[in-house]
2 protein chains.
Amino acid sequence: MASASLQEAVSVLKSTNVRMTPQRHAILEFLHSSMSHPTADDIYKSLEERFPNMSVATVYNNLRVFKDAGIVKELTYGDSSSRFDCITSDHYHVICNDCGKIVDFHYPGLDEVETLAEHVTGFEIEDHRLEIYGTCPACTKMSKQ
Amino acid sequence: MASASLQEAVSVLKSTNVRMTPQRHAILEFLHSSMSHPTADDIYKSLEERFPNMSVATVYNNLRVFKDAGIVKELTYGDSSSRFDCITSDHYHVICNDCGKIVDFHYPGLDEVETLAEHVTGFEIEDHRLEIYGTCPACTKMSKQ
DNA sequence: AGAATAGATTATAAGAATTACAAACAAAGA
DNA sequence: TCTTTGTTTGTAATTCTTATAATCTATTCT
């Protein structure tokens, strides 16, 4: 399920008769290289040079394909546009309320939460999502000046 | 910070020169009475009878006022429109991937997560958000038939 | 190889949620 | 009462995302 490398992601796709196109490869590549959890538009803009004719629809289409294949995750915060992230390992995000900066945060799984939720609610739990909000060091410094 | 009752919410607002209007009262009332985490449009529609002239903009404006005052929380899931929730106590949400049903789930605070995140990232942590996803009993039953 | 088929991309239009803005309104204070 | 501040309303504008149809590309089958 977790696809650590770009190659893994590609082979996951191959196994579900999804063709590997240059655009798809570029989007995946960008997602893997980027540490910044980009929006669809970020991706579109950053590939504009290499693919002058690429449509925004292609970005959205493929992000959905990747999501369905389980190699990419969609993150919805308050700020209107979704952000996308390769699924690599179990980590959470710490988000700055001021500047929006996102920092990865590793934390031993919250499996017990899922187990408990299953017992209490009767749901079949599949996943969970945890985010932590605060002020990043830079913004804290700024506000104290 | 936590406003358990409608009255508390009202007095929090009074203390920050925010006027209490009939529309605002109705929105708060609805949020408190509703267990369903409504969207802005849900709120708008449900108050249509009592306030035939109310504008959608009013709903959005006031939800933001409430958010800024810290008595209402915005929840963004994948599905385009935000949902709103009174801040009452520390509980989390279990969400059905099939039908979207949301069930409250009480869980002893994840304070340690915040503490750890503070140490690791240098952020000043203020808040966190946890959601749990799965399939509710009804949908599970359906899919097994 | 050539034809048929399935899948992908592109461009554009449409849709939905949210925000911006200006005008009209209401309340509080001097 | 007059002024000021804050609120609502209605509408237009913006933004993100999806739908659609046409074109293009790759794969498969004969």
Side-chain angles (χ1 to χ4, degrees), chain A residues 9-10 12-30 37-69 71-85 100, chain B residues 9-10 12-30 37-69 71-85 100:
Chain A
V10 172
V12 167
L13 288 176
K14 277 219 172 114
S15 71
T16 59
N17 60 340
V18 170
R19 291 181 192 159
M20 186 48 51
T21 67
Q23 292 92 332
R24 283 184 178 159
H25 197 89
I27 294 172
L28 279 179
E29 213 171 22
F30 181 76
H37 316 288
T39 64
D41 199 58
D42 291 339
I43 299 171
Y44 175 65
K45 288 224 169 66
S46 74
L47 298 180
E48 218 164 27
E49 264 186 64
R50 276 172 68 194
F51 299 88
N53 298 328
M54 187 170 66
S55 160
V56 206
T58 302
V59 176
Y60 279 102
N61 285 342
N62 290 328
L63 286 171
R64 181 165 32 184
V65 169
F66 299 157
K67 246 174 59 187
D68 292 348
I71 61 177
V72 160
K73 178 167 53 171
E74 182 174 358
L75 311 166
T76 59
Y77 305 116
D79 60 344
S80 69
S81 46
S82 291
R83 292 158 172 283
F84 297 87
D85 204 10
Chain B
V10 172
V12 166
L13 287 178
K14 277 219 172 115
S15 71
T16 60
N17 59 343
V18 170
R19 292 180 191 158
M20 186 50 50
T21 66
Q23 291 92 333
R24 283 185 179 158
H25 197 87
I27 295 172
L28 279 179
E29 212 170 24
F30 181 74
H37 316 289
T39 64
D41 200 56
D42 291 340
I43 299 171
Y44 175 64
K45 288 223 170 65
S46 74
L47 299 181
E48 218 164 25
E49 263 186 65
R50 275 173 68 196
F51 298 88
N53 297 329
M54 188 170 64
S55 161
V56 205
T58 300
V59 176
Y60 279 102
N61 286 343
N62 289 329
L63 285 171
R64 183 165 30 184
V65 169
F66 299 157
K67 246 174 59 188
D68 292 347
I71 60 178
V72 159
K73 180 166 53 171
E74 182 175 0
L75 310 166
T76 60
Y77 306 114
D79 60 343
S80 71
S81 47
S82 292
R83 291 159 172 283
F84 296 86
D85 205 10

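Chain A is the first sequence line, chain B the second, and so forth, proteins listed ahead of strands; every chain is numbered from 1.
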### Query
Between atom CE in B/M20 and atom C1' in D/dG6, what is the gap in whole Å?
13 Å
### Query
Between A/F30 and A/S46, which heavy-atom pair has the shortest distance, and what is it?
CE1-OG, 3.3 Å
### Partners passing side chain to side chain donor-acceptor pair (under 3.5 Å) against A/K14 (at least two apart in sequence or in another chain)
none
### Task
Taking all heavy atoms of B/A69 and all of B/V12, pick out the closest pair and write down the distance.
O-CG1, 4.0 Å
### Task
For A/R64, check salt bridge (charged side-chain N to carboxylate O under 4.0 Å, His left out) against everything at least two apart and list the hits.
none
### Task
Find the distance A/Y44:OH to D/dC16:C1' and express it as a whole number of Å.
14 Å
### Query
Would you say A/R24's side chain and A/N62's backbone share a donor-acceptor pair under 3.5 angstrom?
no
### Task
Please list, chain by chain and in numerical order, all residues satisfying side-chain contact (heavy atoms from CB on, under 4.5 Å) with B/S81, sequence neighbours excluded.
B/T39
### Query
Along DNA chain C, 5' to 3', what are the outermost nucleotides having an atom less than 4.0 Å from a heavy atom of chain A?
C/dA6 to C/dA11
#### Entry: Side chains of B/E74 and B/S82, donor plus acceptor under 3.5 Å
yes
### Query
Over how many whole Å does the gap from A/H25 atom NE2 to D/dA26 atom C1' extend?
18 Å
### Message
Measuring to OP1 and OP2 of D/dT7, would you say a side-chain N or O of B/R24 lies under 4.0 angstrom away?
### Response
yes
### Message
Under 4.0 Å, counting only non-hydrogen atoms across every strand here, what does B/T39 touch: a base, just sugar-phosphate, or nothing?
### Response
nothing
### Query
What residue pairs, at least two apart or across chains, pass salt bridge (charged side-chain N to carboxylate O under 4.0 Å, His left out) with a residue in residues 42-59 of chain B?
B/E29-B/R50, B/D41-B/K45
### Query
For DNA chain C, which residues in residues 45-66 of chain A have a heavy atom at a distance below 4.0 Å?
A/N53, A/M54, A/S55, A/A57, A/T58, A/N61, A/N62
### Query
Expressed in angstrom and rounded to an integer, what is the separation of A/L75 atom CG from D/dT17 atom P?
12 Å
